[in-house]
Number of protein chains: 2
Amino acid sequence: MAHAPAASDGTAIFEQAEHDHAHCVDQALHVAEAICTREGARLTPLRRQVLELVWRSHEPIGAYDVLARLQREVQTDGTDGRPAAPPTVYRALDFLLKHGLVHRIESLNAYVGCAHPQQDHSGQFLICQECGNAAEIEDDTISKAIRDNARRIGFTVDRVTVEVSGRCPRCTGAPHA
Amino acid sequence: MAHAPAASDGTAIFEQAEHDHAHCVDQALHVAEAICTREGARLTPLRRQVLELVWRSHEPIGAYDVLARLQREVQTDGTDGRPAAPPTVYRALDFLLKHGLVHRIESLNAYVGCAHPQQDHSGQFLICQECGNAAEIEDDTISKAIRDNARRIGFTVDRVTVEVSGRCPRCTGAPHA
DNA sequence: TCAGGTAATGTTATAAAGTAACGCATGACT
DNA sequence: AGTCATGCGTTACTTTATAACATTACCTGA
């Protein structure tokens with residue numbers, strides 16, 4: 001599923017509904033730290049917390065949902081609940097987007113943790129309409145086909161959005177090759 | 001460009017900035033009539049007018065812009081200016097979307113007339129960040145790559161969104177092969 | 001031709017998503 | 001210590017979209 005350990009061949013992407021997600025989150029946070037350090041960017045407590053909230057969600061999460069959870073974070077951990085307002089969240093998300101730590105799903109107005117933050121890429125997503133999960137794939141054939149087409153026309157590519165809605169194998173019950 | 005006569009090889013898509021767009025619009029409306037008749041759908045005056053407004057715009061147009069123009073349509077033609085409210089426009093757009101007469105560009109929250117309403121397809125778009133034009137392409141290699149990937153994972157595809165932002169050849173000044 | 005249903009549109013109100021603008025705080029560098 | 005940039009708080013607002021209900025238009029069979 002969305003945040004299963006990266007499997008770039010796509011095979012097991014929608015498989016483990018019940019994996020240890022906390023572990024994924026931790027790992028993602030560590031990688032994020034590393035990336036920010038490398039890039040001289042500041043992963044502040046707030047940004048870190050937003051990233052964590054995005055990752056914790058099993059499905060793409062909207063900015064206002066992040067906001068709501070951010071405000072509730074008092075009880076849970078030590079972080080005192082923030083008196084956050086929308087700009088707070090949007091700024092954090094913008095930061096995370098800029099550094100490739102999250103992706104935005106345009107067709108859902110929602111955000112997901114990036115599964116391969118190491119590489120520079122625009123995400124490609126398979127989004128299940130039933131369970132809501134979004135699997136990030138990275139298919140070179142798709143990317144290449146798009147780049148080729150653009151080049152033929154003389155179009156300079158900046159950002160590529162590929163979002164496929166449908167049913168994941170778990171939800172169709174269909175076996176997959 | 002966006003509404004140039006369909007060129008599915010993509011070649012001349014961004015070429016004619018100053019073509020006779022009125023002609024495109026007319027043609028699109030005729031085709032739309034035909035399609036609706038064939039499908040037993042009612043292309044009411046309102047829907048027709050919304051479709052026309054979308055087509056008249058050289059760039060993807062937002063629902064609220066359509067609304068504004070709809071309200072101004074008094075002076076222009078005989079159609080008395082409608083006291084339209086948002087739902088009016090959104091309903092018309094939904095109808096047009098359902099029948100494949102327009103596409104929605106998710107990354108812009110905007111709509112464009114469909115260049116090949118005959119065929120069933122989700123659109124693929126090259127969107128110029130400078131001039132705002134959106135060229136609809138239909139590249140089988142891209143579609144196929146996406147379908148193949150989905151099939152491999154066992155994912156049932158419903159709708160595919162491909163949106164490429166960048167610079168069109170006119171705006172880069174770059175020649176194209 | 002008119003009763004009754006269905007589809008389309010009008011109308012009001014509100015929800016959801018996103019941003020502008022300004023000011024304070026923090027901490028990084030001189 | 002001073003100052004400068006960055007991050008965040010806060011207020012207010014814009015833009016985009018929809019829910020819910022009223023009304024009208026249109027079609028169909030008695």
Side-chain angles (χ1 to χ4, degrees), chain A residues 32 36-37 39-51 53-54 57 59-71 73-74 79-99 101-112 132 161 163, chain B residues 32 36-37 39-54 57 59-71 73-74 79-99 101-112 132 163:
Chain A
C36 286
T37 302
E39 300 187 5
R42 294 174 53 198
L43 189 61
T44 64
L46 175 66
R47 290 166 175 173
R48 198 190 143 88
Q49 200 178 357
V50 168
L51 179 58
L53 287 170
V54 170
S57 166
E59 304 163 20
I61 183 176
Y64 277 75
D65 287 334
V66 173
L67 178 58
R69 296 186 193 185
L70 195 56
Q71 290 163 338
E73 284 281 305
V74 208
T79 6
D80 20 287
R82 305 196 178 253
T88 300
V89 169
Y90 280 104
R91 283 191 288 232
L93 288 172
D94 285 346
F95 170 88
L96 298 170
L97 280 171
K98 190 168 76 181
H99 292 280
L101 301 172
V102 302
H103 288 292
R104 175 180 162 84
I105 311 241
E106 298 291 347
S107 57
L108 298 176
N109 295 337
Y111 302 81
V112 289
T161 301
E163 296 173 12
Chain B
C36 286
T37 302
E39 300 186 5
R42 293 174 54 201
L43 188 62
T44 64
L46 176 66
R47 290 165 173 171
R48 197 191 143 87
Q49 199 178 358
V50 169
L51 179 58
E52 182 175 347
L53 287 170
V54 170
S57 165
E59 303 163 22
I61 182 175
Y64 277 74
D65 286 334
V66 173
L67 178 58
R69 294 185 193 186
L70 194 56
Q71 290 164 337
E73 282 282 304
V74 209
T79 7
D80 20 287
R82 307 193 178 255
T88 301
V89 168
Y90 280 103
R91 283 190 290 233
L93 288 171
D94 285 346
F95 170 89
L96 297 171
L97 280 171
K98 190 168 75 183
H99 293 280
L101 301 172
V102 302
H103 288 292
R104 176 180 162 82
I105 311 243
E106 298 291 347
S107 57
L108 298 176
N109 296 335
Y111 302 82
V112 289
E163 297 173 11

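Scope of the values below: all heavy atoms of this structure, side chains included, with no hydrogens, waters or symmetry mates.
- Judged by distance alone, the side chain of B/Glu59 and the main-chain N or O of B/Gly132 form no donor-acceptor pair under 3.5 Å.
- Not a single donor-acceptor pair under 3.5 Å links the side chain of B/Arg104 to the backbone N or O of B/Leu97.
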Under 4.0 Å protein heavy-atom contact, by nucleotide of nucleotides 17-29 of chain C - B base, S sugar-phosphate only: BBBBB--------

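- B/Arg69 CZ to B/Ser57 OG: the interatomic distance, rounded to the nearest 0.5 Å, is 5.0 Å.
- Distance check, rounded to the nearest 0.5 Å: CG of A/Leu96 to CG of A/Leu43 gives 7.0 Å.
- One atom, CG of A/Leu67, and another, P of C/dA15, lie 16 Å apart when rounded to the nearest Å.
- Distance check, rounded to the nearest 0.5 Å: OH of A/Tyr111 to CG of A/Leu53 gives 14.5 Å.
- Atom OG1 of A/Thr161 and atom NE2 of A/His103 lie 10.5 Å apart (nearest 0.5 Å).
- The residue A/Thr88 sits close to a base: some heavy atom pair falls under 4.0 Å.
- Put simply, CG on B/Leu70 is 13 Å from P on C/dT11, counting in whole angstrom units.
- In this model, a donor atom of one side chain and an acceptor atom of the other lie less than 3.5 Å apart for A/Ser107 and A/Glu163.
- Whole-Å rounding puts the B/Leu43 CG to C/dA7 C1' distance at 15 Å.
- Between atom CD1 of residue A/Ile105 and atom CD of residue B/Glu106 there is a gap of 11.5 Å, rounded to the nearest 0.5 Å.
- You can see that DNA chain D meets the heavy atoms of chain B within a 4.0 Å-exclusive cut from D/dT16 to D/dC26, reading 5' to 3'.
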